[in-house]
Each structure stands twice: as structure tokens, then as C-alpha cells.
There are 2 protein chains.
Amino acid sequence: MTAKTRKSFIDYLKLKNLKNTSQRQAIVEIFCAGRGHVTAEDLHRKLSQGGRRVGAATVYRTLKLLCECGLAKEARFKEGVTMFEPDVEKAHHDHLVCTTCGRTVEFYNDTIEKLQETIARRHGFTITTHRMNLFGVCRDCRAKA
Amino acid sequence: MTAKTRKSFIDYLKLKNLKNTSQRQAIVEIFCAGRGHVTAEDLHRKLSQGGRRVGAATVYRTLKLLCECGLAKEARFKEGVTMFEPDVEKAHHDHLVCTTCGRTVEFYNDTIEKLQETIARRHGFTITTHRMNLFGVCRDCRAKA
DNA sequence: TTGGATGCAAAAGATTTGCATCGGC
DNA sequence: GCCGATGCAAATCTTTTGCATCCAA
């Protein structure tokens, strides 16, 4: 997986005549090592902690690249913070977000996907992407409350 | 409608022992006069143009109040900008957003709503709210392209 | 060699906050 | 008169950008 990710990223760089720098390698490495959602700042911190000092701007620039080539996806659960998640060979999914502990659960529902298409068509839209977040309280937090 | 909105807002203020100031009145007035989505800045500009100078901070503070009492809703279609829409006696709905011209269409689909509930329950979540945005290109923009 | 990449610091935006003053109730 | 509200400016916070320097190809 990780190896494959690294591979497709390098392919993308070549395709666009961009350079495969050590910073980009380091960022992709850390980013793909995690499974969940991270912010640009999270990554920047992890890199620093790992002794790999990279400029914050470079992290942002690289995440943008990763999104462009489809290896990362943006998700916005709350105001002012953009989260990124690795999107490697992972099917499209939506999110359930616990508003108490922040835990997220991914799910996919084919019926909903199809309905979305139908609704869009009915309104003359051609869907390119969508975002569905369900916010609520998870079992654990409900138990604690 | 507008009269009723003003009413419920005043009720809310009383309930919370907050004050019904002329600024708050002006903001609610303008906000509810429009039907679509506006940013805090939009409102601030409209007020100024109408000769009603109100501090930007007050607009933000009042919008927050309106959301608290359920008269406004937040919607985030793109990075870094929070849009607000009046939520008066209007059923819940989701959005179709044209990524080219920015036009939005509201829709409601009962089947999807029910499925969301089911999915959440299956994962042990109790949903409090959700947000579903379908992004795509509308008919007009497609024709122009 | 050369054009893209990096790091830093400054800039940009949106939103919030501190504080002195103002004004409902 | 009291306590919340306001306005302004300063502060925050995230993300972007300008620019001189650096480095992969």
C-alpha cells in the first residue's frame, strides 16, 4: 500500500514535470502511515517530532498536490480546520462524526449514492463530488453522559 | 414571516436575559429579508449600504445568537467562508451546489433522511444534525462550457 | 544549467476578543 | 444603576504568497 502510494505519487510528479524532493517523500511517508484524518499542522508536528524539519508551507503545498492526484481527500468537520485523509485504493465513503469525542466512522450506502445522482439529474446538475457528514453522539459518549 | 421571526428572536432574547438592541433588530431585519445564503461580511456590507453602520463583531455575535435559537443555519460550501441562511419555518433540506457559478438548489429527500438514521443507529450513533452537499455543474454552466 | 522547490517571514482572510464606553431594562 | 452590548482595534488561527536561495534532473 504505502509502497504503491509512493509509486503513484512519483508517477504523478513525473507526469507533471515536478520534482521528487526529500521533503515530499517525507510528507507522503508520514501521511500514508496514518489511517485517519489529520490536519496540515498535525503532519507538520509529526515530522518535527520525527526530527524531519519541513516548512509548514511545504506541507500545505504537498497536501494540495496529493489531493490533485487523488491520493488524499479533504474533509471538513468543523469550522476553520481542513482535515486530510489518505485515499488509497479506498472506496468513496461518507462520515459519521461524534460531536463529543470527535471520533469518526466511515460508511458507504449505495442506495443513498444512487438517490443523490437521481436528485441531481432531476435538477439538471451533473455531480462531480459530494460530501455527507452525519453529526451525532456515539455510543460511548452517550453512555458516559 | 418576518414579523414572526422578529418575534421569536425577541422571545429568545428575553428567555436568556439578553437585550433587544437596535443593532440586533437591524441585523435580523436584513438577514430575514433575504432568502438565500449570505456571509457575515455580506450582511455587514448590506447594513452599511443601507446607512446602518454596525460593527462587524456585532454581526458575527448576532449571527451566532440566531443560530443558537434556530433562526439561522450555517452552511459551508467552500473553504474559509461560513454562509448563513434564514431557517424560518422552513423544513430541513440539503444542497446542490454548482461549482462553476455558485448557484445552490435546495432539496429534501425523505428516503435519504431515513437511511441516514438507519446507518447512524447501526453504528451506535444518535444523530443530532447532518450536512449533505452535492457539488457539480448546473445545466446553464454546462451549456456555456 | 535551469526551472521548479523550499523556508522563512510577511500577508491575507475570516472570526474572535479585550476593553472602554454606551444603553436597555 | 447594573449588567449586558457595542465598536474598534488588536489578536488569533489557518492557509497562502513573495522572494532569495537551493537542488533535482
Side-chain angles (χ1 to χ4, degrees), chain A residues 6 9-31 37-48 50-69 72-84, chain B residues 6 9-31 37-48 50-69 72-85 102:
Chain A
R6 197 158 35 216
F9 186 48
I10 293 178
D11 288 348
Y12 181 75
L13 294 178
K14 278 197 185 126
L15 186 71
K16 294 271 187 174
N17 278 307
L18 303 175
K19 288 168 185 170
N20 179 24
T21 65
S22 67
Q23 288 90 334
R24 283 177 179 166
Q25 280 172 38
I27 293 167
V28 173
E29 199 73 30
I30 293 267
F31 178 59
H37 305 93
V38 283
T39 63
E41 207 208 330
D42 287 338
L43 279 184
H44 186 239
R45 190 171 349 94
K46 282 190 188 179
L47 285 163
S48 294
R52 188 69 184 77
R53 203 160 297 279
V54 173
T58 300
V59 176
Y60 280 102
R61 288 188 274 233
T62 303
L63 280 170
K64 186 171 274 181
L65 273 183
L66 286 169
C67 287
E68 272 170 37
C69 70
K73 269 199 157 171
E74 293 190 349
R76 275 186 271 284
F77 300 137
K78 60 170 202 175
E79 169 70 311
V81 205
T82 305
M83 317 231 31
F84 295 86
Chain B
R6 195 157 37 216
F9 184 49
I10 293 178
D11 288 348
Y12 181 75
L13 295 177
K14 278 197 186 128
L15 187 70
K16 294 272 184 173
N17 277 308
L18 303 176
K19 288 167 182 171
N20 178 25
T21 65
S22 66
Q23 289 90 333
R24 284 178 177 165
Q25 280 172 35
I27 293 166
V28 173
E29 197 74 28
I30 291 268
F31 178 61
H37 304 92
V38 283
T39 63
E41 207 209 330
D42 288 338
L43 279 182
H44 186 238
R45 189 170 350 95
K46 282 189 191 181
L47 286 163
S48 294
R52 189 68 183 79
R53 203 158 296 279
V54 173
T58 300
V59 175
Y60 279 102
R61 289 189 273 232
T62 302
L63 280 171
K64 187 172 272 179
L65 273 184
L66 286 170
C67 287
E68 271 171 38
C69 69
K73 270 200 155 169
E74 292 190 352
R76 274 184 274 282
F77 300 137
K78 59 169 202 176
E79 169 70 311
V81 205
T82 304
M83 317 231 30
F84 297 85
E85 62 177 325

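Every heavy atom of this structure was used, including side-chain atoms; hydrogens, water molecules and symmetry mates were not. Residue numbers begin at 1 in each chain, while the letters A, B, ... track the order of the sequences.
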Original post:
How would you label the contact of B:Ser22 with the nucleic acid (heavy atoms, under 4.0 Å): base, sugar-phosphate, or nothing?
Top reply: nothing

Original post:
Does a nitrogen or oxygen in the side chain of B:Lys64 sit under 4.0 Å from OP1 or OP2 of C:dT16?
Top reply: yes

**OP:** Rounded off to whole Å, could you give me the CG-to-P distance for the B:Leu66 and D:dA5 pair?
**Re:** 13 Å

Subject >> Gap between atoms CZ and P, on B:Arg76 and C:dT15 respectively (whole Å) >> reply: 9 Å

**OP:** Would you please test B:Gln25 and B:Phe9 for side-chain contact (heavy atoms from CB on, under 4.5 Å) and show each step?
**Re:** CA-CA 9 Å; B:Gln25 280 172 35; B:Phe9 184 49; over 6 Å; no

Original post:
So, is B:Tyr60 near the phosphate of C:dT16, with a side-chain N or O under 4.0 Å from OP1 or OP2?
Top reply: no

**OP:** Measure the distance from CG on A:Leu63 to C1' on C:dT6 and round it to the nearest whole Å.
**Re:** 15 Å

Original post:
Any chance the side chains of A:Thr82 and B:Glu79 put a donor and an acceptor closer than 3.5 Å?
Top reply: yes

Subject >> Candidate list A:Gln23, A:His44, A:Arg45, test side-chain contact (heavy atoms from CB on, under 4.5 Å), partner A:Val59, passing option >> reply: A:His44

**OP:** Check the distance between C:dT6's P and A:Leu13's CG and give it to me in whole angstrom.
**Re:** 10 Å

**OP:** May I have the distance from A:His44 (atom NE2) to D:dT15 (atom P), rounded to whole angstrom?
**Re:** 13 Å

Original post:
Taking only side-chain nitrogens and oxygens of A:Gln23, does any of them come within less than 4.0 Å of OP1 or OP2 of D:dC23?
Top reply: no

Original post:
Roughly how many Å is it from CZ in B:Arg45 to P in C:dA14, rounded to a whole number?
Top reply: 10 Å

Subject >> DNA chain C: 5'-proximal contact among A:Glu79 and A:Arg53 (nearest heavy atom) >> reply: A:Arg53

Subject >> Rounded distance (Å) that lies between atom P of D:dT14 and atom CZ of A:Phe77 >> reply: 17 Å

**OP:** Compare side-chain N and O positions of B:Arg24 against OP1 and OP2 of D:dT6 and report whether any pair is under 4.0 Å apart.
**Re:** yes

Original post:
If you pin A:Asn20 and B:Leu65 to their nearest nucleotides in DNA chain D, which one's is more 5'?
Top reply: B:Leu65

**OP:** Look at the side chain of B:Arg61 and the base of D:dG4, then say whether one donor and one acceptor between them are separated by less than 3.5 Å.
**Re:** no

Subject >> Phosphate-side-chain proximity, A:Thr21 and D:dC23, N/O vs OP1/OP2 below 4.0 Å >> reply: no

**OP:** To the nearest Å, give me how far apart CG (A:Asp42) and P (D:dC13) are.
**Re:** 15 Å

Original post:
At under 4.0 Å between heavy atoms, what does A:Thr39 touch on the DNA or RNA strands: base, sugar-phosphate, or nothing?
Top reply: nothing

Subject >> 5' priority, DNA chain D, between B:Thr62 and A:Lys19 [closest heavy atom] >> reply: B:Thr62

Subject >> Pair A:Arg52, A:Ser22: side-chain N/O donor-acceptor within cut-off below 3.5 Å >> reply: yes

Original post:
So, do A:Glu74 and A:Phe84 sit near enough that their side-chain heavy atoms are less than 4.5 Å apart?
Top reply: yes

